[in-house]
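Residue numbers begin at 1 in each chain, while the letters A, B, ... track the order of the sequences.
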Amino acid sequence: MKLAKTYTPNDYEPSIYALWEQSGAFAPSGQGEPFSMVMPPPNANANLHIGHALDMNLKDILARYYRMRGRDVALIPGADHAGFETWVVYEKHLQKEGKSRFDFTREQLYSQVWKFVEDRRGDMELQLRALGTSASWDDLVFTLDKKVIDTVYGTFKQLWDDGLIYRGERIVNYCTVHQTSFADIEVEHQTEKSKIWQIAYPTLDSIGEIVVATTRPETMLGDTAVAVHPDDERYKKLIGTRVQLPLTGREVPIIADEYVDREFGTGAVKITPAHDPNDYAMAERHDLEIRNIIDHEGKLVNVPTHYEGLDIKAARKKVLAALKAEEALRGEADIEHAVGHCYKCGSVIEPLMMQQWFIKVQPLAEAAIARLEAGEIEFQPASKAKEVINYLGQLKDWNISRQIPWGIPIPAFVNVNDPTDWIYDTRVDEATIVVDGTTYKREEDTFDTWFSSGQWPYIVTDALDQGKLSRFFPSDFMETGSDLLRQWVSRMIMLSVYRTGQVPFRTVYMHGMVNDEHNQKMSKSKGNVINPMDVVTEYGSDALRMGIIAGRSPAQSQAFNTGAVVAGRNFCNKLWNMARFIEGTVGTYQHTPKPEPRTLADHWIIRQLNRARTTIDDHLEGYRYAEAAEAMYHAVWDDVADWYLEANKADPSNDMLVYVLDTCLKLTHPFAPFVTETIWQTLSWHEDINDLLISATWPTDVDYNDIAAAEFSRLKQLVSETRFVAGDLPGNDRYTMLYMDDTLVHDNRQLIAHLARLKSVEKVDQARGLRLASSGRDAWLDISDETLYEHQSNLEQRLADVRASITQLQGRLDNDSYVNKAPEKLVAETRQQLSDNQALEQRLVRELDVLS
RNA sequence: GGGUGAUUAGCUCAUUUGGCUAGAGCGCGUCAUUGACGUUGACGAGGUGAGAGGUUCGAAUCCUCUAUCGCCCACCA
């Protein structure tokens with residue numbers, strides 16, 4: 001035998017992958033209707049996590065499936081420079097060496113990180129290969145490739161020309177540790193316990209004071225107003241008057257604004273426009289002064305000298321102490337409220353005023369919403385469409401600048417003599433340029449990664465300049481984690497509609513998260529992270545692939561289930577041993593004939609495989625992976641291995657064995673590519689060097705006789721009943737089956753004996769023993785009266801069951817509403833079941849009569 | 001605070017627009033076996049579908065309420 005007794009995946013997987021890659025099977029064939037998917041670029045600097053394994057698998061199954069169905073498949077891989085993510089990793093690396101970003105120029109940093117990423121990028125790509133990803137590697141795009149940058153600049157220019165780009169001092173989310181701003185979506189809000197203090201501000205125009213409530217007393221140094229609700233009776237008369245701020249003595253007005261909640265705190269709010277988004281909005285409405293008092297490192301500035309340079313924490317302490325000394329503190333209370341944190345380092349996000357680049361998103365969002373509402377993109381699950389529309393509908397202007405050197409530089413320059421004079425220019429490698437005699441200095445910020453990733457589908461397919469892959473845009477299938485719906489999917493739609501006039505993809509499939517085995521979210525800090533490469537080493541890539549899609553539905557988070565991976569491994573071994581058996585039986589075989597069914601089992605297995613293929617087609621076309629895999633699993637294991645191979649032993653046919661094995665391998669290949677290809681390569685009838693399963697054609701229907709197939713089903717039933725009954729009898733004897741005038745049993749007596757493990761199957765004139773009543777054949781098990789007697793209670797139990805079900809069915813048919821309103825087909829089925837059960841009841845009654 | 005998902009066998013999960021006796025894998029029990037496979041085979045046990053009510057001939061599925069858990073969003077100082 002060519003094959004070892006047990007399938008050991010790690011011995012075969014790498015060479016099989018190499019075989020595919022060298023054969024060029026991953027590249028688009030250029031023939032057939034295109035089917036394309038772009039891979040969300042995994043971070044170039046990091047190892048794959050288990051979510052990637054799922055993510056990749058969901059795409060690769062379709063890639064392999066549609067490839068076999070003759071489509072022109074492109075699974076286009078990517079690698080992400082992951083701007084900020086990578087930057088964080090690199091900055092830690094610098095820290096270890098005792099250096100900081102300020103020791104280097106932008107160019108130096110950029111090239112250092114480039115090298116850092118290059119060194120690590122290979123790991124990620126090797127891991128994708130280990131998972132079996134049939135990606136078109138020649139078409140891989142890195143997010144810092146020239147064509148990416150060119151396209152991104154083109155989009156930026158178009159937005160600029162359309163008046164949709166502006167630079168402005170706005171309040172932004174700022175991490176003082178990383179010293180960069182964030183988009184709203186990158187800020188993590190956490191509920192925290194803290195204190196809320198009440199501070200008295202003396203009024204100027206009358207004797208008295210107004211008490212404000214705040215969780216951030218230190219910001220009072222930057223207050224420029226106090227706000228109350230216009231209808232608040234307590235404060236109505238104070239509106240328009242002024243208060244004097246404690247500590248600084250500055251005078252600020254009391255204003256009225258509906259935003260103020262009368263119920264909360266004291267109903268009076270101190271306004272610090274530079275360091276609170278709401279206060280900023282209010283300052284815009286009321287044209288208030290904006291005082292910056294916190295700098296980029298989180299230290300106080302523009303404040304009385306003894307506060308100057310303090311960090312937030314120290315400043316708060318000092319301010320509170322001073323207020324206490326001035327007897328301006330009126331109370332403190334515990335409070336729970338949401339605080340924004342940096343999603344990377346967890347430090348508190350400071351809202352700060354900064355010069356940033358923004359996109360006016362509204363026109364883009366509106367255009368995208370129109371397409372979504374027209375149903376141009378199908379969502380799996382469908383509910384996600386609404387979520388995207390809602391999100392786009394309330395999107396605020398998008399801050400696309402980041403203050404980190406690792407990324408695509410923003411192609412803009414500012415007049416050294418006029419800070420409002422900005423021009424678009426792509427000579428970002430030069431610190432200054434001269435245009436028409438004027439010197440311009442470049443912008444040092446880089447783009448938010450999502451600005452470039454958001455253009456991915458049309459970049460990688462060269463859709464804008466009709467490149468060689470442009471037939472793959474829009475792509476057919478976009479599959480990614482449900483956590484990226486907003487930050488990535490929505491932006492791709494928005495930018496693609498804007499830039500290309502087309503939606504970027506036709507179907508979006510969102511997968512849920514992979515939790516740990518106890519359904520807890522995986523995280524490094526909890527130490528419950530499952531490394532996909534460990535799973536591959538232990539169980540094999542195919543087992544991981546099969547296990548991770550088992551019972552999974554879109555957008556639903558689910559625990560990682562080792563049991564399902566084990567089942568996958570066992571399945572691979574089963575398939576392996578089926579092949580081993582068939583290969584050993586068939587030996588050298590030179591052609592793959594059109595199967596010509598001869599026996600009942602032949603007809604039946606053809607029917608089963610035809611049906612399985614149809615079921616798999618239905619499910620995969622509807623993206624129901626788990627159901628498709630299950631149909632495949634049961635066809636191969638239950639129908640082929642458990643029944644057909646055994647039947648074939650009783651009446652062998654090599655042609656049929658070859659057909660059955662080939663079909664199983666094809667049906668299984670999208671789900672377990674390695675083991676199937678490994679087997680395929682060992683088979684003598686696939687010896688041709690160019691004969692690869694990955695490129696084989698998907699099975700089509702084979703003719704069979706329906707009556708013959710149905711007769712085998714009846715034999716199966718008889719065999720099952722025999723096993724069941726015999727298993728219940730005392731002892732482990734092999735029994736003899738007796739039959740009278742039953743042609744089906746007569747013609748298949750050898751087969752029945754083999755399948756039911758009987759001593760023999762013999763024709764008799766006079767029946768005796770235990771009648772096999774359930775399967776409706778004139779067949780008996782030859783057992784002694786004594787044994788028969790012991791079996792009586794079993795028969796009685798079965799009779800009771802049958803009668804219960806008769807009562808139920810009869811009740812249903814006695815109900816006129818059911819007979820009249822339920823579908824005819826269903827009613828007919830019920831009638832059939834009733835008569836079947838009645839016949840069975842009579843046979844059982846007769847059996848029991850004989851016994852007594 | 002708003003939205004959204006979940007609750008089905010011991011565990012992890014299915015069950016496509018309401019319709020056969022609610023399925024699978026793992027686990028569990030009994031038995032088997034000298035050559036395809038113990039990563040096996042045969043047989044089996046195990047579910048009043050979170051709870052309560054409603055609609056319907058018919059509900060795990062639709063509606064209402066309750067309970068518990070999760071996720072996302074959110075400026076209450």
Side-chain angles (χ1 to χ4, degrees), chain A residues 1 3 5-7 184-185 189 196 212-216 219 227 259-261 263-266 268-272 276-281 335 337-338 340 351 381 383 386-387 390-391 394 482-483 485-486 512-513 515 517-519 521 539 543 546-547 550-553 555-585 618-619 622 624 626-627 630 633-634 641-642 645-646 649 720 723-728 732 756-757 801 805 808-809 812 815-823 825-826 829-830 832-833:
Chain A
M1 280 202 189
L3 303 181
K5 199 167 175 180
T6 307
Y7 175 56
D184 290 343
I185 202 163
H189 287 91
I196 182 162
V212 299
T214 181
T215 53
R216 299 203 56 186
T219 61
Y259 158 77
V260 178
D261 179 354
E263 309 299 317
F264 191 89
T266 60
V269 192
K270 57 189 274 313
I271 302 300
T272 321
D276 184 287
N278 297 310
D279 293 7
Y280 178 77
I335 188 176
H337 66 150
S383 60
K386 218 172 69 188
E387 206 178 315
N390 288 344
Y391 175 68
Q394 47 99 64
S482 47
D483 52 331
L485 184 70
R486 289 153 194 252
M513 299 296 102
N515 291 336
E517 292 208 68
H518 308 289
N519 226 340
K521 211 170 168 174
Y539 300 101
M546 290 185 68
R552 196 173 279 274
S553 44
Q556 200 62 51
S557 290
Q558 195 189 312
F560 180 81
N561 185 356
T562 304
V565 176
V566 168
R569 181 204 54 183
N570 294 355
F571 176 81
C572 291
N573 191 246
K574 186 71 185 180
L575 194 62
W576 181 260
N577 276 287
M578 285 164 58
R580 228 177 130 231
F581 165 69
I582 291 172
E583 197 261 325
T585 307
D618 277 354
H619 286 314
R624 292 180 298 273
E627 289 90 334
E630 202 173 305
Y633 180 100
H634 290 293
D642 289 346
L645 292 189
E646 291 309 314
K649 283 175 187 170
S720 290
R723 288 166 173 172
F724 172 72
V725 169
D728 238 22
N732 280 323
R757 296 187 47 75
D801 291 346
S805 119
Q808 202 197 4
L809 293 165
R812 209 182 291 174
N815 182 340
D816 287 343
S817 301
Y818 174 72
V819 177
N820 295 330
K821 290 187 186 173
K825 198 180 154 197
L826 197 67
E829 265 175 34
T830 309
Q832 182 61 47
Q833 282 165 11

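The C1' atoms of B:rU68 and B:rA77 are separated by 33 Å, rounded to the nearest whole Å. Of the C1' atoms belonging to B:rG58 and B:rC43, the separation is 34 Å, rounded to the nearest Å. With both ends at atom P, the span from B:rC11 to B:rC57 equals 37 Å, rounded to whole Å. When the P atom is used for both B:rU48 and B:rG3, the distance is 34 Å, rounded to whole Å. For B:rG1 and B:rU8, the C1' atoms lie 32 Å apart once the distance is rounded to whole Å. Comparing the same atom, C1', in B:rA14 and in B:rA9 gives a spacing of 13 Å after rounding to whole Å. If you take atom C1' in B:rC69 and the same atom in B:rG51, they sit 15 Å apart, rounded to whole Å. Using C1' as the reference atom, B:rG27 and B:rC13 are 14 Å apart when rounded to the nearest Å.
Within the structure, every side-chain polar atom (N or O) of A:N390 is placed at least 4.0 Å from both OP1 and OP2 of B:rC73. Residue A:N577 has no polar side-chain atom (N or O) positioned under 4.0 Å from OP1 or OP2 of B:rG35. Within the structure, a side-chain polar atom (N or O) of A:H337 is placed less than 4.0 Å from OP1 or OP2 of B:rA77. One finds a side-chain N or O of A:R812 lying less than 4.0 angstrom from the OP1 or OP2 phosphate oxygen of B:rU21. Contact annotation: A:K821 does not reach the phosphate of B:rG18 (side-chain N/O to OP1 or OP2, under 4.0 Å).
A donor-acceptor pair is defined here as one N or O able to donate and one able to accept, closer than 3.5 Å; such a pair exists between the side chain of A:N820 and the backbone of A:D816. The main-chain N or O of A:D618 is found under 3.5 Å from a side-chain atom of A:R624 such that the two form a donor-acceptor pair.
At the heavy-atom level, A:A281 lies nowhere under 4.0 Å from the strands shown. A:D261 comes within contact range of at least one nucleobase, with a heavy-atom separation under 4.0 Å. Counting non-hydrogen atoms under 4.0 angstrom, A:K825 reaches nothing in the nucleic acid. Within 4.0 Å of A:V566, counting heavy atoms only, lies no atom of the nucleic acid at all. Looking at heavy-atom distances under 4.0 Å, A:D618 makes no contact with the nucleic acid at all. Among the protein residues, A:D279 comes within range of no part of the nucleic acid, since none of its heavy atoms lies under 4.0 Å from any strand. No engagement by A:R216 is indicated, since no non-hydrogen atom pair under 4.0 Å with the nucleic acid exists. As judged by a 4.0 angstrom heavy-atom cut-off over every strand, A:A559 is placed among residues touching the sugar-phosphate backbone only. Residue contacts for A:E387: at a heavy-atom cut-off of 4.0 Å it reaches no nucleic acid atom on any strand shown. At the heavy-atom level, A:E646 lies under 4.0 Å from base atoms of the strands shown. Counting non-hydrogen atoms under 4.0 angstrom, A:E627 reaches the backbone sugars and phosphates but no base. If you check every strand for non-hydrogen atoms under 4.0 Å, A:K270 touches nothing. Within the 4.0 angstrom heavy-atom criterion, base atoms lie near A:F264. Among the atoms of the strands shown, only primed sugar atoms or phosphate atoms (P, OP1, OP2) are found under 4.0 Å from some heavy atom of A:S553.
Of all heavy-atom pairs spanning A:A550 and A:Q558, the tightest one is O-NE2, 3.5 Å. Closest non-hydrogen pair, A:E517 versus A:T562, comes out as OE2-OG1, 2.8 Å.
Here B:rG58 presents its P atom at 14 Å from CG of A:L826, a figure rounded to the nearest Å. Between the OH atom of A:Y391 and the P atom of B:rC73 there is a distance of 9 Å, rounded to whole Å. Taking atom CZ of residue A:R757 and atom C1' of nucleotide B:rA32, one finds them 7 Å apart after rounding to whole Å. For the pair A:F571 CZ and B:rC26 P, the computed distance is 12 Å after rounding to whole Å. Spacing between atom CG of A:N561 and atom P of B:rA14 amounts to 11 Å, rounded to whole angstrom units. Computed from coordinates, the A:N570 CG to B:rA24 C1' distance equals 14 Å when rounded to whole Å. Rounded to an integer number of Å, the gap from NE2 of A:H518 to P of B:rU12 is 9 Å. Atom CD of A:Q808 and atom C1' of B:rG58 are 12 Å apart (whole Å).
The side chain of A:R569 has B:rU39 as its nearest neighbour among B:rC76, B:rA6, B:rU39. Distances from the side chain of A:D642 to the nucleotides B:rA42, B:rA36, B:rC57 place B:rA42 closest. Considering only side-chain atoms of A:S817, the nucleotide from B:rC57, B:rU16, B:rA6 that sits closest is B:rC57. For A:S720, counting side-chain heavy atoms from C-beta on, the closest listed nucleotide (B:rA36, B:rC43, B:rA77) is B:rC43. Between B:rG19, B:rC13, B:rC43, one nucleotide has an atom nearer to the side chain of A:R723 than all others, and that is B:rC43. Of the candidate nucleotides B:rC13, B:rC20, B:rA77, B:rC13 has the atom lying nearest to any side-chain atom of A:Q558. Checking B:rC73, B:rA77, B:rC75 against the side-chain heavy atoms of A:N278 singles out B:rC75 as nearest. Side-chain proximity of A:F724 to B:rG44, B:rU40, B:rC20: nearest is B:rG44. Minimum atom distance to the side chain of A:Y818 is reached by B:rG19, of the listed B:rC72, B:rA24, B:rG19.
At most 12 non-hydrogen atoms from other residues, nucleotides or ligands lie less than 6.0 angstrom from CD of A:E263. Counted within 6.0 Å of NZ on A:K649, heavy atoms from surrounding residues, nucleotides or ligands total more than 12; the atom is thus considered enclosed.
Put simply, OG1 on A:T215 and CG on A:D276 are 8.5 Å apart, with the number rounded to the nearest 0.5 Å.
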- Message: I'd like to know whether A:K521 forms a side chain to side chain donor-acceptor pair (under 3.5 Å) with A:S557, so could you lay out the CA-CA distance, the side-chain angles of the two residues, the decisive distance to 0.1 Å, and finally the verdict.
- Response: CA-CA 9 Å; A:K521 211 170 168 174; A:S557 290; over 6 Å; no
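With the nearest nucleotide of RNA chain B identified for both A:A555 and A:I582, A:A555 has the one nearer the 5' end. Summary of the strand contacts: A:A550 and A:P823 both lie near RNA chain B, and taking for each the nucleotide with the nearest heavy atom, the more 5' one is attributed to A:A550.
With a 3.5 Å ceiling on both atom-pair distances, the Watson-Crick or G-U wobble partner of B:rC43 is B:rG29. Using the Watson-Crick or G-U wobble rule with both distances under 3.5 Å, B:rC73 pairs with B:rG1. Across the strands present, B:rA22 finds no partner; the criterion is a Watson-Crick or G-U wobble pair with both atom distances under 3.5 angstrom. Pairing for B:rA52 is with B:rU64, a Watson-Crick or G-U wobble pair whose two hydrogen-bonding atom distances lie under 3.5 Å. When both pairing distances are held under 3.5 Å, B:rC37 makes no Watson-Crick or G-U pair with any nucleotide shown.
Scanning atom types as modelled, one donor and one acceptor separated by under 3.5 angstrom connect the side chain of A:K574 and the base of B:rC37.
Taking the six-membered ring for Trp and thresholds of 30 and 60 degrees, A:W576 and A:Y7 have ring planes inclined between 30 and 60 degrees apart.
Between A:T830 and A:V819, the closest side-chain pair of non-hydrogen atoms is not below 4.5 Å.
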